[in-house]
Amino acid sequence: SQTIHQWPATLVQPVGSPLSLECTVEGTSNPNLYWYRQAAGRGLQLLFYSVGIGQISSEVPQNLSASRPQDRQFILSSKKLLLSDSGFYLCAWSPGAGNTIYFGEGSWLTVV
Amino acid sequence: KQEVTQIPAALSVPEGENLVLNCSFTDSAIYNLQWFRQDPGKGLTSLLLIQSSQREQTSGRLNASLDKSSGRSTLYIAASQPGDSATYLCAVRTGSSASKIIFGSGTRLSIRP
């Protein structure tokens, strides 16, 4: 069966520090991968999605970036965090068009 | 640009009532629409997936409908229970490669015992 792992679960980082959130999917190949952010009491904002290795689509211009170094690995990064980057970050994967999407457990980021 | 809206933002009803949550989207060119449940501080759990060619899907006490031409979907919950309390989100799959999934802001549902 397929599983998705996302870490770290909780992170407290000072303003201006770098960020790296990692997500891996097991049990499938060539998945569509996604990063979403959810601010407190808000819906999910699509940040990045990827349909293949090295293929990244950015939805929201900001100081975050994403990379897909391997087929089932998706990394969310920042060189310098802002206070407004605080939130709940969710990684997700989908087998492809027409299929459902599956979410990781999320990562809580607090920028102080 | 596809935008997804959910109304109401919050809803509180007594246990046992039937209720309807609404989702609307601006671009009818979608591949599917999905309803999710999110418990506080947790990830999302898929409830129902409706393909663009379908009109409705049912699972237990849940029934989701889709009217693609008018850009609307509803989630009907029958005989609500306190355990149904959660945030409900709808999402549409869109984009030229059908890879983009856009979420609404959610409806926070509270069922009073």
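Naming: A, B, ... by sequence-line order, numbering from 1 per chain.
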Query raised in the report: Does A/E105 CD have over 12 foreign heavy atoms under 6.0 Å away?
Result: no
Query raised in the report: Which value, rounded to the nearest 0.5 Å, describes the distance between A/Q45 atom CD and B/S105 atom OG?
Result: 12.5 Å
Query - Verdict with reasoning, B/I102 to A/L44, per side chain to side chain contact (heavy atoms under 4.5 Å, CB included) - result: CA-CA 8 Å; B/I102 305 297; A/L44 272 69; over 6 Å; no
Pairs of donor and acceptor atoms involving the side chains of residues 82-89 of chain A, under 3.5 Å and at least two apart or interchain, shall be tabulated with distances.
unit_1, atom_1, unit_2, atom_2, d
A/D85, OD2, A/N63, ND2, 3.2
A/D85, OD2, A/L82, N, 2.7
A/S86, OG, A/L83, O, 3.2
A/S86, OG, A/V111, N, 2.8
A/Y89, OH, A/R37, NH1, 3.1
A/Y89, OH, A/D85, O, 2.5

Query raised in the report: Is there a path from A/L47 to A/L21 through hydrophobic residues (I, L, V, M, F, W, Y) whose side chains come within less than 4.5 Å of each other?
Result: yes
Query raised in the report: Side chain, backbone, both or neither: which part of A/Y36 has a non-hydrogen atom closer than 4.5 Å to chain B?
Result: side chain
Requested in this report: Report whether B/L48 and B/L44 are members of the same hydrophobic cluster (ILVMFWY, side-chain heavy atoms less than 4.5 Å apart, transitive linking).
Outcome: yes
Report task. Might you point out which heavy atoms bring A/Y34 and B/S99 nearest each other, and give the distance in Å? Result -> OH-O, 2.5 Å
Report task. Look at the side-chain heavy atoms of Ile, Leu, Val, Met, Phe, Trp and Tyr, link any pair under 4.5 Å apart, and say whether B/Y31 and B/W35 land in one connected group. Result -> no
Query - Side chain, backbone, both or neither of B/L89 within contact of chain A (heavy atoms, under 4.5 Å) - result: side chain
Report summary line: For B/S46 and A/T100, the nearest pair of non-hydrogen atoms, with its separation, is OG-OG1, 3.7 Å
Query raised in the report: Run the side chain to side chain contact (heavy atoms under 4.5 Å, CB included) check on A/N32 and B/R93 step by step: do they pass?
Result: CA-CA 12 Å; A/N32 291 348; B/R93 183 182 284 271; 4.1 Å; yes
Query raised in the report: Shared ILVMFWY cluster between A/F48 and A/L109, side chains joined below 4.5 angstrom?
Result: yes
Report task. Take A/L46 and B/F103 through the side chain to side chain contact (heavy atoms under 4.5 Å, CB included) test and state the conclusion after the steps. Result -> CA-CA 8 Å; A/L46 178 61; B/F103 279 81; over 6 Å; no
Query - Within residues 71-78 of chain B, residues adjacent to chain A where the heavy-atom gap is under 4.5 Å - result: none
**Report entry** Heavy-atom contact with chain A under 4.5 Å, split by part of B/Q38
**Finding:** side chain
Query - A/W108 with A/L90, same ILVMFWY side-chain cluster at under 4.5 Å - result: yes
Query raised in the report: What's the shortest heavy-atom distance between B/I101 and A/I101, and which atoms?
Result: CD1-CD1, 3.5 Å
